[in-house]
Amino acid sequence: MMSVNKRNRNIWIINEYAGSPYHGMVFRHYFLSRELIKYGYNVTIITASYSHFFSRLPNTNGRFTFENIDGINYVWIKVPKYKNSQDKKRVLKWFLFSYYLFTLPYTKISIPDVIIVSPSETLPVYPSFKISKKFNSKFIFEVRDIWPLTIIQLGGYSPNNPFIRILKHFERLGIEKSDLIISVLPSYGDYLKSQGFKKNFIYLPNGISLDEINRYENLDSKIKEMIPLNKFIVGYTGKLGISNALNNLIEAGKLLNKYKDISILIVGDGSEKDKLIKQANGFDNILFLPSIPKTQVQSMLKEFDVCYIGLPKKTLFRYGVSPNKLFEYMYAEKPILYSIDSKINLVDISNCGLTVEPENPQKTAEGILKFYQMSEEERKKIGRNGRKYILDNHTYEILGKKLNNIIKNI
């Protein structure tokens, strides 16, 4: 076991969407915790009993359920279930989760030396800060998405909406009161400056677990039969939501319909799937497959010639992105068509694909044709660049070592 500063031995990570490989996304804190344990930390993840990302719900009993998963102490806080990401009950969950943080049974949890709060919406910032004051813990504010800017730009809410103003207040509280800011967004410093803050932050991106990603399974035979044969496949895997800009890919597919050996393959489920299927109606070069287990994603990616990733054209994304699927694509050695307006672009940095203007079907179609006209060896070389970059920079072993140094130095 590696040495650790004893004053910082007990770490709490508060994230109501934290999952595990046994329950489903989000995986970031599970894998970072596994690495921190190697350095001698005692890690507790405080999360919610329900998330629309979960594929399997935890077994809970009462308001707080305690479970040890692969050496990590989980505290599941009982919250209401909701139908989907747009369900109003999801907002109720946000408030209840944050409220119940004030009532945590401290006698059953190791007193924290460091608290890392990693919210989506910013409500948990306040109780997390109050707990850090109670125990004189170091307080780390981790930003995965910029809220409330995300809901303003993607959800169309006014900055003057009373609820948005509450979220903004707690965002500022997290920035101002934190001992340290961490973000998965490489250009988050530009956002801090735009908001009038002079505080620095540390970039700690998402990544991949080599143990997990290499334990992949073959595709189910029924899914395998649905994949078109002898086609040049531009593929996407993951959630089919508003933020994934798949309408752009579909419109590009329509423009390419005359190329009979190019197929667009969209794999997954989500709130926008019915709309997207309707949008693609009448174009047999655009195909939809159901969601597959995470353990089969790498097998699916082997069937693709090019992987697509996109986001809406919003200034929000200029501060950077760190989508897990991008790292999965890069690890699979597939060239990537990147339709995101981000200031720092890993696809360009690693030379593993092409970048096109977001929400521009014509440019997206032209990008697909560039890949199509390349030799197979050219595409393989581009794909290998991505895998090398991921192995050099984005494994959780590397990220865990960085987080250990961050905690030691705080």
Side-chain angles (χ1 to χ4, degrees), residues 1-51 53-62 64-78 97 101 104-118 124 128 131-132 135 137-138 140 142 144 182 184 204-216 293-295 324 327 394-410:
M1 184 178 293
M2 301 172 216
S3 64
V4 60
N5 186 333
K6 292 182 179 179
R7 291 175 299 173
N8 296 334
R9 183 176 182 273
N10 294 323
I11 312 296
W12 283 15
I13 299 175
I14 300 175
N15 170 16
E16 68 197 84
Y17 292 99
S20 78
Y22 314 102
H23 301 94
M25 293 172 60
V26 176
F27 303 114
R28 171 180 173 83
H29 293 122
Y30 168 86
F31 289 118
L32 284 175
S33 297
R34 288 291 305 274
E35 295 302 320
L36 288 178
I37 289 171
K38 296 175 184 177
Y39 289 94
Y41 294 97
N42 178 40
V43 185
T44 298
I45 292 179
I46 301 173
T47 183
S49 65
Y50 184 82
S51 163
F53 294 119
F54 285 177
S55 55
R56 176 176 172 267
L57 298 182
N59 295 318
T60 57
N61 182 18
F64 303 103
T65 300
F66 303 88
E67 182 178 6
N68 188 280
I69 301 176
D70 298 335
I72 307 165
N73 304 307
Y74 275 71
V75 180
W76 302 100
I77 297 180
K78 188 71 172 178
F97 178 82
L101 288 175
L104 285 167
Y106 300 124
T107 58
K108 297 182 179 181
I109 317 173
S110 299
I111 298 304
D113 298 298
V114 176
I115 293 176
I116 303 172
V117 61
S118 181
S128 300
I131 295 169
S132 75
F135 294 114
S137 310
K138 293 297 183 182
I140 298 177
E142 181 181 78
R144 292 179 289 117
I182 292 174
V184 304
L204 189 73
N206 287 320
I208 60 166
S209 164
L210 293 178
D211 288 341
E212 182 211 28
I213 206 165
N214 287 323
R215 283 200 299 266
Y216 61 86
K294 185 174 178 61
T295 50
N324 289 307
F327 306 133
H394 284 272
T395 68
Y396 273 111
E397 182 178 6
I398 292 170
L399 300 175
K401 182 178 181 180
K402 183 174 182 179
L403 183 55
N404 170 51
N405 290 330
I406 289 169
I407 293 171
K408 284 200 303 182
N409 292 330
I410 196 173

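Quick caveat, the model's predicted, so the values are computed rather than measured.
For the atom pair OG of S20 and CZ of F54, the computed distance is 7.5 Å after rounding to the nearest 0.5 Å. Note that CD1 of I213 and CD1 of I208 are 4.5 Å apart. Values are rounded to the nearest 0.5 Å. Atoms CZ and CG, from R34 and L36 in turn, are 11.5 Å apart once rounded to the nearest 0.5 Å. In this structure, the separation between CG on N42 and CD1 on I109 is 11.0 Å, given to the nearest 0.5 Å.
Side-chain N or O atoms of N73 include none that pairs as donor or acceptor with a backbone N or O of N68 at under 3.5 Å. Counting only distance, with no hydrogens or angles, the side chain of R144 and the backbone of S118 share a donor-acceptor pair below 3.5 Å.
T47 and N15 are not linked by any side-chain donor-acceptor pair at a separation below 3.5 angstrom, with hydrogens and angles left out of the test. For the 3.5 Å distance criterion, the side chains of S49 and K78 fail to qualify, holding no donor opposite an acceptor. Side chains of Y41 and N404: a donor-acceptor N/O pair is present below 3.5 angstrom, by distance only. Looking only at atom types and distance, the side chain of N206 has a donor-acceptor partner in the side chain of R28 under 3.5 Å away. In this structure, a donor-acceptor pair under 3.5 Å is absent between the side chains of T295 and R215.
Looking at V114 and S137, their side chains never come closer than 4.5 Å, going by heavy atoms from C-beta outward. Using a 4.5 Å heavy-atom cutoff, the side chains of I13 and T44 are not in contact.
No option in Y30, F53, W76, Y74 other than W76 meets the ring-ring contact (aromatic ring centres under 6.0 Å, His included) test with H23.
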Q. How far apart are the C-alpha atoms of E35 and K401, what are their side-chain angles, what is the distance that settles it, and do they pass the side-chain contact (heavy atoms from CB on, under 4.5 Å) test?
A. CA-CA 7 Å; E35 295 302 320; K401 182 178 181 180; over 6 Å; no
Q: Could you walk me through whether F27 and N324 pass the side-chain contact (heavy atoms from CB on, under 4.5 Å) test, one step at a time?
A: CA-CA 9 Å; F27 303 114; N324 289 307; 6.0 Å; no
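Heavy atoms of other residues, nucleotides or ligands lying less than 6.0 angstrom from CD of E397 number 12 at most. Applying the 6.0 Å contact sphere to CG of N61 captures no more than 12 heavy atoms from other residues, nucleotides or ligands.
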